[in-house]
Chemist: 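Have a look at the structure that comes next, please.
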Amino acid sequence: MSWGTELWDQFDNLEKHTQWGIEFVEKYTKFVKERSEIETNYAKQIRNLSKKYQPKKNSKEEEESKYTFCRAFLTTLNELNDYAGQHEVISEDLTSHIITELTRYLQELKAERKSHFHDGRKAQQHIESSWKQLEASKKRFERECKEAERAQQYFEKMDADINVTKADVEKARQQAQMRHQMASDSKNEYAAYLQKFNQEQNEHYYTVIPNIFQKLQDMEEKRIERISVCMKKFADVDRQVLPIVGKCLDGMTNAAESIEPKADSKQVVESFKSGFEPPGDVEFEDYGQAMKRTVSETSLSNTKESKEKPGGKTKGKLWPFIKNKNKGSVPEDFSHLPPEQRRKKLQGKIDELSKDIQKEMDQRDALTKMKDVYIKNPQMGDPASVDPRLTEIGQNIEKLQSEVQKFEGWLAEVEERMPSKSDSHRKSGLYETQNSTTVSNNCAQDRESPDGSYTEEQNSEVQVKAQPIPTPTTTTEFDDEFDDEEVLPTIGTCKALYPFEGHNEGTISVAEGELLYVIEEDKGDGWTRVRRNEDEEGYVPTSYVEVFLETNAKGQW
């Protein structure tokens, strides 16, 4: 069966079918890729499992290897590790023998298909153009015949009219002859175009299209053959590792068969046998005198040992709690803190993010005004130069807003678990008042520190204090205890205008466009002290940054 003869009029359907064939190859390639990833992940998990249960050096498990079942288990772990390696081989073979080849073949297949359909469309356009020329010549021939007929009728009418001059009759006759000649020429032209079109149409449907469709058919059959080969390789990849997998399984079976219960029982005797004789009979003694056992050191020594062992075990079990005290990084949701302190920390984080959002919005408003100025006065600058920065600020705002929503969710969760929500809201309001830009005369911090200053001595003093149960009168002190341990407060922000490496001691490297917190102004030496996070701070050249100081900065801390 040939596509060129059987499907000569199914150009569009063949185009869809071949495109579906390419999509099928892509789907099969994706299937093999996912299978390869599964094999890789499975091998990784098997290796991790084998490693997890390997006996640790200088541990009790290593000493237990003298038992046959422990040695069998160790052998099983080693064989399992080799078993995982075979799955890695499967993944590598699938990638190299199928995925890579199909990916390259797909590019060739797409290019070949595109070339064939380009030739097909070109042939179709040619035959359509020839048909249009035939139709045009046919209509022209029809029009000229009608014009000749009308001219002949006009001549006959003039010839029959006795009132018309001979000159007018001759003129009408010549016009009729001319129209007849034009009609004859149009007829000949139409006949020539018809003959040409029939030849081209015959060549199109019996030579050109069959050749193109035959190439498409060959291409499609090669694609199917390639899929068949890949499917066979897909199975062979597994089959090739089966002998080694079988050896791994045989090794596990042999290890299991090597277990000797009697030998292990004998080993237990050899490990724990004391060599003492069992206690003798108790002698009868006179009433009132202390009982005296037959001399046997075993009973006494075993009793002492039994009393000492539990204490040792109890002491040994203390290490997990000691280990838990060595905490790592602070959780992002402050779950390590008591509820009230956790709520304050979350609220403070939300306020900090809200300030950052406001700063970004202020910068966006300033850039928008600058853009409007550039639009009204093009000589001052290019309005398009502001767009990248506006886009970046918009992305920063979206990111900060998502962070705020995350912390607000944690805050809502904490407040729901609080014993009294009204008391929590009151404390939250007090916390917000302490951190607001405009310092209220009624807040607790004003009463403790009228100038609102934040000193290192206060911070160190609070760190030494014990952690009392928070009450309305000690809210400020307890809140300070869980504040960030920073020597200097943030007095504003700055944006890096140029990149700075910061190789010298005391400096900090910054990237162009990076936003940092200002903790100390330039004191005339050309350096500004900035902070990136709780752990990174240092000096940068003042000329390298654009500083935005907060109004009444000290009152915020």
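What you see is a predicted model, and the numbers here were worked out from it, not measured in a lab.
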Chemist: As an exercise, state the distance from CZ of F197 to CD of Q133, rounded to the nearest 0.5 Å.
Modeler: 10.5 Å
Chemist: When rounded to the nearest 0.5 angstrom, what distance separates CG in L134 from CG in L194?
Modeler: 5.5 Å
Chemist: What closest approach, in Å, do S36 and I99 show between heavy atoms, and which atom pair accounts for it?
Modeler: CB-CD1, 4.2 Å
Chemist: Could you check whether E221 and Q217, counting side-chain N and O atoms only, form a donor-acceptor pair closer than 3.5 Å?
Modeler: yes
Chemist: Looking only at the side chains, is there a donor atom on one of Q54 and N81 sitting less than 3.5 Å from an acceptor on the other?
Modeler: no
Chemist: Would you call L346 and K349 a side-chain contact if the rule is heavy atoms closer than 4.5 Å?
Modeler: no
Chemist: Would you say that more than 12 heavy atoms from the other residues, nucleotides or ligands in this model lie under 6.0 Å from the OH of Y28, or not?
Modeler: yes
Chemist: E203 and Q199: side-chain hydrogen bond (donor to acceptor under 3.5 Å, both in side chains), yes or no, with the steps?
Modeler: CA-CA 6 Å; E203 183 180 2; Q199 292 177 352; over 6 Å; no
Chemist: Using a 3.5 Å distance criterion without hydrogens, assess whether the side chain of D264 forms a donor-acceptor pair with backbone atoms of Y67.
Modeler: no
Chemist: Is a side-chain N or O of T68 found less than 3.5 angstrom from the main chain of E260, in a donor-acceptor match?
Modeler: yes
Chemist: Treating T75 as the side-chain partner and R71 as the backbone partner, does any N or O pair qualify as donor plus acceptor under 3.5 Å?
Modeler: yes
Chemist: Quick one, S354 and I350 - any side-chain contact, counting heavy atoms below 4.5 Å?
Modeler: yes
Chemist: Show every ring pair (Phe, Tyr, Trp, His ring centres under 6.0 Å) that has at least one partner inside residues 199-221, sequence neighbours left out.
Modeler: W8-Y205
Chemist: Could you note down all residue pairs passing salt bridge (Lys or Arg N to Asp or Glu O under 4.0 Å) where residues 85-98 supplies at least one of them, sequence neighbours left out?
Modeler: R47-E88
Chemist: Can you give me the closest heavy-atom contact between A72 and A255, atom names plus distance?
Modeler: CB-O, 3.1 Å
Chemist: Exactly one of V208, N211, I209, I212 should register a side chain to side chain contact (heavy atoms under 4.5 Å, CB included) with D119. Which one does?
Modeler: I212
Chemist: Hey, mind stepping through C70 and K66 against side-chain contact (heavy atoms from CB on, under 4.5 Å) and telling me if it holds?
Modeler: CA-CA 7 Å; C70 290; K66 54 191 175 183; over 6 Å; no
Chemist: If you compare all heavy atoms of P388 against all heavy atoms of S385, which two are closest, and at what distance to 0.1 Å?
Modeler: CD-O, 3.5 Å
Chemist: Tell me the closest heavy-atom pair linking I508 and F500, and the distance in Å.
Modeler: O-CD2, 3.4 Å
Chemist: Going by the ring pair (Phe, Tyr, Trp, His ring centres under 6.0 Å) test, which pairs reach into residues 79-119, not counting sequence neighbours?
Modeler: F11-F117, Y42-H87, Y83-H87
Chemist: Which pairs with one or both residues in residues 231-243 pass salt bridge (Lys or Arg N to Asp or Glu O under 4.0 Å), sequence neighbours excluded?
Modeler: R35-D238, E101-K233, D236-R239
Chemist: Just do the salt bridge (Lys or Arg N to Asp or Glu O under 4.0 Å) check on R223 and E220 with the steps written out, would you?
Modeler: CA-CA 5 Å; R223 178 189 68 81; E220 187 70 6; 2.4 Å; yes
Chemist: When rounded to the nearest 0.5 angstrom, what is the spacing between OG in S130 and CD in Q201?
Modeler: 8.5 Å
Chemist: Is the NZ atom of K406 crowded by more than 12 outside heavy atoms at less than 6.0 Å?
Modeler: yes
Chemist: Can you tell me how far the NE2 atom of H17 sits from the CG atom of L216, to the nearest 0.5 Å?
Modeler: 10.0 Å
Chemist: To check you understand the geometry: which heavy-atom pair defines the closest contact between F234 and V32, and what is its length?
Modeler: CD1-CG2, 4.3 Å
Chemist: Side-chain contact, heavy-atom cut-off 4.5 Å: I491 with L549?
Modeler: yes
Chemist: Begin with the C-alpha distance, continue with both residues' side-chain angles, and end with the deciding distance and a verdict on side-chain contact (heavy atoms from CB on, under 4.5 Å) for I393 and L367.
Modeler: CA-CA 10 Å; I393 291 177; L367 289 175; 3.4 Å; yes
Chemist: Do S2 and Q214 meet the criterion of a side-chain donor-acceptor pair at a distance under 3.5 Å?
Modeler: yes
Chemist: Counting only heavy atoms not in Q195, do more than 12 fall under 6.0 Å of its CD?
Modeler: no
Chemist: Counting C-beta onward and ignoring hydrogens, is there a side-chain heavy-atom pair between Y498 and E512 closer than 4.5 Å?
Modeler: no
Chemist: Yes or no on side-chain contact (heavy atoms from CB on, under 4.5 Å) for F69 and I259, after CA distance, side-chain angles and deciding distance?
Modeler: CA-CA 5 Å; F69 62 88; I259 297 176; 4.0 Å; yes
Chemist: So, do T528 and V518 sit near enough that their side-chain heavy atoms are less than 4.5 Å apart?
Modeler: yes
Chemist: Who passes salt bridge (charged side-chain N to carboxylate O under 4.0 Å, His left out) against D387, sequence neighbours left out?
Modeler: K371
Chemist: Do the non-hydrogen side-chain atoms of D82 and Q86 ever get within less than 4.5 Å of each other?
Modeler: no
Chemist: How about H126 and K122: do any of their side-chain heavy atoms sit closer than 4.5 Å?
Modeler: no
Chemist: So R389 and Q363, side-chain contact (heavy atoms from CB on, under 4.5 Å) or not? Walk me through it.
Modeler: CA-CA 10 Å; R389 179 56 182 160; Q363 292 186 23; 3.0 Å; yes
Chemist: Are F24 and F31 close enough that their ring centres sit under 6.0 Å apart?
Modeler: no
Chemist: Quick one: does S265's side chain have a donor or acceptor within less than 3.5 Å of a partner on P261's backbone?
Modeler: yes
Chemist: Look at R532 together with E537 and state whether they make a salt bridge at an N to O cut-off of under 4.0 Å.
Modeler: no
Chemist: Is T493 close to L516 at the side-chain level, that is, under 4.5 Å between some pair of heavy atoms?
Modeler: no
Chemist: Does the side chain of Q358 pick up a donor-acceptor pair with the side chain of D362 at under 3.5 Å?
Modeler: yes
Chemist: For E26, which residues count as a salt bridge (charged side-chain N to carboxylate O under 4.0 Å, His left out) partner, sequence neighbours excluded?
Modeler: K110
Chemist: At their closest point, which heavy atom of S91 faces which heavy atom of E39, and how far apart are they?
Modeler: CB-CB, 4.0 Å
Chemist: What I want to find out is whether E135 reaches K132 closely enough, with some N-O distance under 4.0 Å, to be called a salt bridge.
Modeler: no
Chemist: Could you check Y517 against D356 for side-chain hydrogen bond (donor to acceptor under 3.5 Å, both in side chains), going step by step and ending with a plain yes or no?
Modeler: CA-CA 11 Å; Y517 294 103; D356 294 339; 3.2 Å; yes
Chemist: To the nearest 0.5 Å, how far apart are CD in E34 and CD in E37?
Modeler: 6.5 Å
Chemist: Quick check for you: to the nearest 0.5 Å, what is the distance between D250 atom CG and M252 atom CE?
Modeler: 10.0 Å
